[in-house]
Amino acid sequence: MAVDVGPGNVHAGAATPVQHRPGAGADPVAGDRPLTAEESAHLDRLRHDLAASGVDVHDPHALGALSDSSWEAWAQSGGAGDPRPLVRALGVGLGDVLATSTGASWMLRTTDGVATPVVMTSTWCVAPLEEVSVRWRAGERGWAYGWVERTIAHLTGTRSRHAGQQPQVPSPARSGEEQGAAHRPRTPDELPSHPSAAVQDLALRALAQAVEDVVPAGGPLAPFAMVDDGTQVGIRRFTEPGLARGWVRATGALRAAIAWQGRLNEPADPRDGNGRDAVFVEACDSGRPGFVVAHRYASVPGVSRIVGTPEIVGTCEPLL
């Protein structure tokens, strides 16, 4: 399918940057704001072209199948043609599915002078155009539906519907690093150094993988690192988080995330079992301070389940 964004589209680049034309609006000040009428119209054109292809834009299975078949056709052609219009359209389509399922809204997030359309709730944001772009460059297929399910589960605090249906006896969780709860920021924007939309999305991706590792089996979680070099996202597992940090520093990546299993140092709600066990992710852009997020899980008779939504724990030293 050839998706044309139409004349005058300012969403240049598959990875999401919105290039502000001279005189086209406000200067790109760091922060979040609603889309302008012009920016909303650009997304509407992408929605129109995606729907005109005949794909069910409400079905993440269908959107994923379109992404897979289009990538295979593009690869077989030797990379002929510009895939960016399709990548952007798929990003908008998947973002709309997330927004509809979670009550999130499309916003424009500006970091370091680069403006990115994101899907945002009151506590978290996801950059679906960047997600599609990274996966496309890496040649990943079969990822879209699972990613949508995991992202919805994290944003709403519900268990992913594609997780195993049979209860499993959880293994004992390994002890982890204690994390204090006092004066936690509630959103990434409340951190002293605002993380980019790209590294927030990488952190959410790592958190989703960590939850998949411990729910419903209960773990143990082998610590792992995810690195994004601007072309693809790689993952490697380790025996302990310190080894992951050392490996990340040597990669020279643009951004990175490290995941491990531990406990939150705060009282638990009795309704949630122990409620203190959690998976943790620390993430950062190269040369910038890092941040730590957590997602609780609890063991209830014979099966582990996630509790609540992702939580900002605080800051950490740069990984890169």
Side-chain angles (χ1 to χ4, degrees), residues 1-19 35 39-77 79-102 104-109 114-120 125-152 154-155 162 197-198 200-202 204-205 208 228 230-233:
M1 179 193 74
V3 177
D4 187 356
V5 297
N9 180 22
V10 297
H11 295 280
T16 61
V18 176
Q19 306 296 336
L35 300 178
E39 290 159 353
S40 294
H42 297 325
L43 298 192
D44 285 340
R45 282 197 289 272
L46 290 169
R47 293 183 180 104
H48 172 79
D49 292 338
L50 191 62
S53 72
V55 68
D56 183 351
V57 297
H58 305 294
D59 182 358
H61 279 299
L63 293 171
L66 175 62
S67 177
D68 293 349
S69 61
S70 298
W71 187 91
E72 290 168 0
W74 177 76
Q76 289 174 3
S77 72
D82 184 0
R84 291 178 298 175
L86 173 60
V87 168
R88 289 191 289 265
L90 286 166
V92 172
L94 290 173
D96 283 344
V97 172
L98 294 178
T100 300
S101 300
T102 65
S105 301
W106 281 99
M107 299 282 285
L108 196 75
R109 164 156 293 193
V114 177
T116 305
V118 296
V119 174
M120 182 176 294
C125 83
V126 181
L129 280 75
E130 287 193 359
E131 187 73 28
V132 177
S133 178
V134 167
R135 306 274 190 156
W136 183 281
R137 294 196 302 268
E140 293 186 45
R141 274 93 78 197
W143 63 271
Y145 180 75
W147 175 76
V148 168
E149 289 286 277
R150 288 191 299 271
T151 303
I152 291 173
H154 282 290
L155 295 179
H162 72 281
Q200 288 187 53
D201 199 48
L202 184 67
L204 185 64
R205 184 170 172 179
D228 180 0
T231 301
Q232 60 184 353
V233 175

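All of these numbers come straight from a predicted model, not from anything done at the bench. Basis for what follows: all heavy atoms, side chains included, without hydrogens, waters or symmetry-related copies.
- In this structure Gln232 satisfies the side-chain contact (heavy atoms from CB on, under 4.5 Å) test together with Ala138, Asp229, sequence neighbours excluded.
- The side-chain hydrogen bond (donor to acceptor under 3.5 Å, both in side chains) check on Asp56 picks up nothing, with sequence neighbours excluded.
- The side-chain hydrogen bond (donor to acceptor under 3.5 Å, both in side chains) check on Arg109 picks up Asp32, Asp189, Gln200, with sequence neighbours excluded.
- Remark: side-chain polar atoms of Ser70 are not paired, donor with acceptor, to backbone N or O of Ser67 under 3.5 angstrom.
- With sequence neighbours excluded, the residues satisfying salt bridge (charged side-chain N to carboxylate O under 4.0 Å, His left out) with Asp82 are Arg84.
- Arg47 pairs by the salt bridge (charged side-chain N to carboxylate O under 4.0 Å, His left out) definition with Asp44, Asp96, not counting sequence neighbours.
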Stepwise side-chain hydrogen bond (donor to acceptor under 3.5 Å, both in side chains) test for Arg45 and His42: CA-CA 5 Å; Arg45 282 197 289 272; His42 297 325; 2.4 Å; yes

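- Among Leu94, Val92, Val119, the one residue that satisfies the side chain to side chain contact (heavy atoms under 4.5 Å, CB included) test with Leu129 is Val92.
- To the nearest 0.5 angstrom, Leu98 atom CG is 10.0 Å from Glu149 atom CD.
- The ring-ring contact (aromatic ring centres under 6.0 Å, His included) test applied to His58 returns no partner, not counting sequence neighbours.
- For Asp68, there are no side-chain hydrogen bond (donor to acceptor under 3.5 Å, both in side chains) partners, not counting sequence neighbours.
- Annotation: ring-ring contact (aromatic ring centres under 6.0 Å, His included) contacts of Trp106 (sequence neighbours excluded): none.
- Annotation: side-chain contact (heavy atoms from CB on, under 4.5 Å) contacts of His61 (sequence neighbours excluded): Asp59, Tyr145.
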